[in-house]
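Since the structure comes first, as structure tokens, the remarks are kept for the end.
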Amino acid sequence: MKNKLLSLNIASKTVNLGSHKIALLDKIDLQVHEGEFISLMGPSGSGKSTLLNCIGMLDRFTDGGYTFLGEPVHSMKEKNRSRLYKEYIGFVFQAYHLIDELTVYENIETPLLYKNIKSSERKAMVADMLDRFNIVGKKDLFPMQLSGGQQQLVGIARALIGKPKLILADEPTGNLNSKQSDEIMELFAQLNEEGVTIIQATHSESNAAYGSRIINLLDGKIV
Amino acid sequence: MIRNYFKIAWRNLMKHKVFSLINIIGLTIGISASVVIGLMIFYDTTFDTFHKDSDRIYRVVSDFSDPEESFSNSGVTLALEDAIKEQSNLEIVSGFYIERPSKVENKALNSEFKWPNFVIYTDENYFKIFDYNFLAGDTDHVLTRPNTVILTEQRAANYFPNTAASDIIGKTLVYNDSLQITVTGIVENFKQRTDFVFEEFISKPTLLQTRLRAQVLEKNWNSTNSDSQLFVKINANADLQTIQNTLDDLAKEHTDEDSKKYGEERKFSLQPLADIHFNEAYGIYDWSKGQASTSLLLNLALVALFLLLLGCINFINLNTAQASQRAKEIGIRKTLGSSRQQLIGQFMGETFLLVLISALLSVLLSKWLITVFSDFVPEGLDFELITSPIIIVAFILLLLIVTFLSGFYPALVLSKFNTVSVLKNHLAIGQKKAKLRKFLTVFQFTIAQVFIIATLLVGKQINFLLTKDMGFKTDAIVSVYSPRNERSIDKKERYARALSKIPELKTISIGGVAPASFNVSSSGLSYTNKNKEIHTDIQFLYGDTHYLDLFELQLLAGRNIRNDTIQELVINETSRKLLGFDNPNEAIGQIVQVNNETVPIVGVMSDFYQRSLRSSIKPMALRGDWYRPDYSQFQTLHIAFHNESSEGLKQTLSKIEDAYRSVYTDTEEYRVEFLDENIQKFYNRERKISKLLNWATGLSILISCLGLLGLVIYTTNRRVKEIGVRKVLGASLMEINTLLCKEFLILVAMAFVIAAPIAWYGITRWLQDFAYKTSVSFWVFVVSGAAMILFALLVISFKTLQAANANPVEALRSD
């Protein structure tokens, strides 16, 4: 049995909308082990993105327990949570979310800046990543000059540069055509082989099939 | 990291060129104003700070007061020095006497120097208070013997060109044709900023061989001359109050009977060395240099502060307005691991880059501004001053403060964005931030509006001052001054006769100063009217029989004085009333006492303004040149032209000069003044203020309107869709334009409501200095309010019309 990466213990998230209380996530129980490739499925509004954001510590559960690598995230201070996700988590978004003002190279480099890695080391790491994704020739281009698939490639490269244990991907192929989509999914599968844990949210059955486990969500509950 | 920040800052700058330009212009203006004004303040406050123990050096000055007025004199009676010499609180007491010799000759070189300036008679104590660096000469026995002089390096170079300092020692100069004086020392001129501009130091005992012998021997307690200066250096632990008490006791002890009778008081005060450069009541030694004015510096500092604030406000407004455009980047950075502090750091870095660009531009601009504002900038201020360490530190500090003021709030706002909502495009711009922007915009326009109103009203007052009838003829009159050492009347009369042959001239009068001038000569006058003794100060005009006629002064009763030297007075209406005569005729033939002489009043003339309209009309009388030939007050020839236009003026003026040269053959000196120009000079200060206000107004309107433009561009861009929908629904161009302009015009109108009372209060206070003033008219407020709204409307419409004109299909398609 592999190490347990994270576990959710009847974790919920509710928001107040006017006088109503709405449960976005309702008593989620989930264990994720290192090396898993999980696909979250469910219709729009079922809580996939919210769950990813909460796991990624961009958002917080309002109730219940969340343990990441044995550390209790739910009772942690902002600063420590930030340290934790900086170290172990990478994000990939549907809309890529590259910084428009930065070149491909600089986009990939940015997470390293926030980890205070030395310049020479950064250079080597980014060069490796560019090489691996075959985008050396594009390193000085701005995101606007790339196709959607290429942008997502950069997005994944950026997520990987910090050598995270967990990659959270929110509909990573939602804006791509099927060929690009397949390429990206192949890449995820390959990364998973190399030991990276992946949780992806997706609508697509075929994409979900790349995962080792499928979790279905409906109205904030696991079904 | 830093490099990454600057890179992205630079790219953002280039991406939003218009906004960046607006920000840079605003900040550049603010910083430039601060640099120039900062330099001025630094320059003026560093005068005479280099002397050893400068905080312990004081000048003793005299303040006089009587029931009517008070005035000050930078000098003290010659008697005071001896009286305080032994005071234990005073470490050093040094008096000196300023006296220009009429001539200095270096017989060996056969060279002659007329009226050298900055010559004082003093003793070794002077050199103990002020540390001069001796280049040559005996430093142990400084100015102890009579007939010795110490020269500064510069003066020595004049008198003894190309001679080494040590070779000059022992050489002799001849002063005023008879005094043989030996040079015993050469000192270095002060290298730092100083008001102590003296070049020649003659030993004090030498005074006994000059025209001042009698005064020096007499040491009259009741005679005060500004040439007689007294400095003290107090002990390190001396009590100022004790010294003041001693001075008060001395003043009291030596009050004469007359002063007691008329309630006149004299007070000796200690003026700190640092105050000398600022206090106009006592003046400095080089009149041509001009003093610093605390109030002017304060006003300038306020202007700089306002301009700087306006620039910062633009920055805050534009950056918070643009915040949503940066939101995505912020969200991404947060997911990539950036902390809020790091984001704030990044934004502050961007602000600093912008401020830095502005600062570089400011340095260039300031150099130019110093020449534009030469009226305000002290003459000796060199742009090189900017390289002094204090200024550089202050400049860097200023940049940091500006960065903080402009950048901190936007950085807080930007870094606060919630990551999840940003990335989901659920970004709501809070109503609160819009409110802050509105508040800041109102603040900006309030400042601009106050400046506009003030400019108009100050302009109105100046116009009032310059066009107000002075009560005598001011046009087409020139005054030619006789050479300074010309004491006899003969040559003046010869000159007058020569002038009378020039056909273009109407009237010629020999006399003292013109009816309105900076010079005032006055003395006490007493008169007993119905058993009541009236005592007053009366100012004198000196003139011959043509004087009244030339200046077209009106005689209300009696007659003109009969000749140049007869002891008669023609008083003005103000004196007539003061002396208690019910009508002009009643005054004729009455006898008054002037300087212990009895003089009849022979005429009454109408009142006129004797100085600027700041001061009210004082008692005055026209008199002749009574003390001739011992002493003459007639130093000027006033000339009135037939032709009032400037046609042929040049030829006439050269004829006047030719006549002068034909009479005064042995002098180079020639001084001519136009009366109307002199009167304008009364209002130099007002015109300076007016110029300053014009600039402040222009710049504040510019910055505020640029800021407004930025906001309008931003809001209009955000409302493109709304505009499109409205157009599709049938709104006209005007309707849309009105819709877009309305919210901004309300802000400008609010600013007017706030600004009007502030401006009214300020200008009313300023006008209090004037005895005669223009009305603070209602229309000025209306006009300036309208002007501001017009400016704003122009700026707003520039963008809104463009938006309203756009094809709605374009706007709606993009979403």
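The figures here come from the full heavy-atom set of this structure, side chains too, leaving out hydrogens, waters and symmetry mates. In what follows, every chain begins at residue 1, and chains take the letters A, B, ... in the order their sequences are listed.
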A:Arg83, part contacting chain B, at a heavy-atom distance under 4.5 Å: neither

Of all of A:Ile89, A:Leu112, A:Thr110, A:Leu102, which one pairs up most often with chain B through heavy atoms under 4.5 Å apart? A:Leu102

Quick check on salt bridge (charged side-chain N to carboxylate O under 4.0 Å, His left out): which of B:Lys15, B:Arg333, B:Arg326, B:Lys328 does A:Glu101 satisfy it with? B:Lys15

To the nearest 0.5 Å, what is the distance between CD (B:Gln342) and OG (A:Ser82)? 8.0 Å

If you draw a 6.0 Å radius around NZ in A:Lys115, do more than 12 non-hydrogen atoms from other residues or ligands fall strictly inside? yes

If you count every heavy atom of other residues, nucleotides or ligands that lies below 6.0 Å from A:Lys163 atom NZ, does the total exceed 12? no

Go through the atoms of A:Gln94 and report whether side chain, backbone, both or neither lie under 4.5 Å from a heavy atom of chain B. neither

Using non-hydrogen atoms and a 4.5 Å limit, figure out which bit of B:Gln346 sits close to chain A: side chain, backbone, both or neither. side chain

The side chain to side chain contact (heavy atoms under 4.5 Å, CB included) partners of B:Met14 (sequence neighbours excluded) come to B:Trp10, B:Lys17

Which pair of heavy atoms, one from A:Tyr114 and one from B:Gly337, lies closest together, and at what distance? CB-O, 3.8 Å

For the pair B:Ile332 and A:Phe91, evaluate side-chain contact (heavy atoms from CB on, under 4.5 Å) and give the outcome as yes or no after the intermediate values. CA-CA 10 Å; B:Ile332 297 169; A:Phe91 282 94; over 6 Å; no

Would you give the length of the straight line joining atom CG of A:Asn107 to atom CG of B:Leu336, rounded to the nearest 0.5 angstrom? 8.0 Å

A:Asp219 atom CG, over 12 foreign heavy atoms within 6.0 Å: no

Less than 4.5 Å apart, any side-chain heavy atom of B:Thr335 and any of A:Lys86? no

Applying side-chain contact (heavy atoms from CB on, under 4.5 Å) to B:Arg11 and A:Asp100, what does each step give before you reach the verdict? CA-CA 10 Å; B:Arg11 285 178 195 154; A:Asp100 295 335; over 6 Å; no

Any side-chain heavy atom of B:Glu329 sitting closer than 4.5 Å to one from A:His97? no

According to side chain to side chain contact (heavy atoms under 4.5 Å, CB included), who are the partners of A:Gln151, at least two apart in sequence or on a separate chain? A:Tyr96, A:Leu98, A:Pro143, A:Leu146

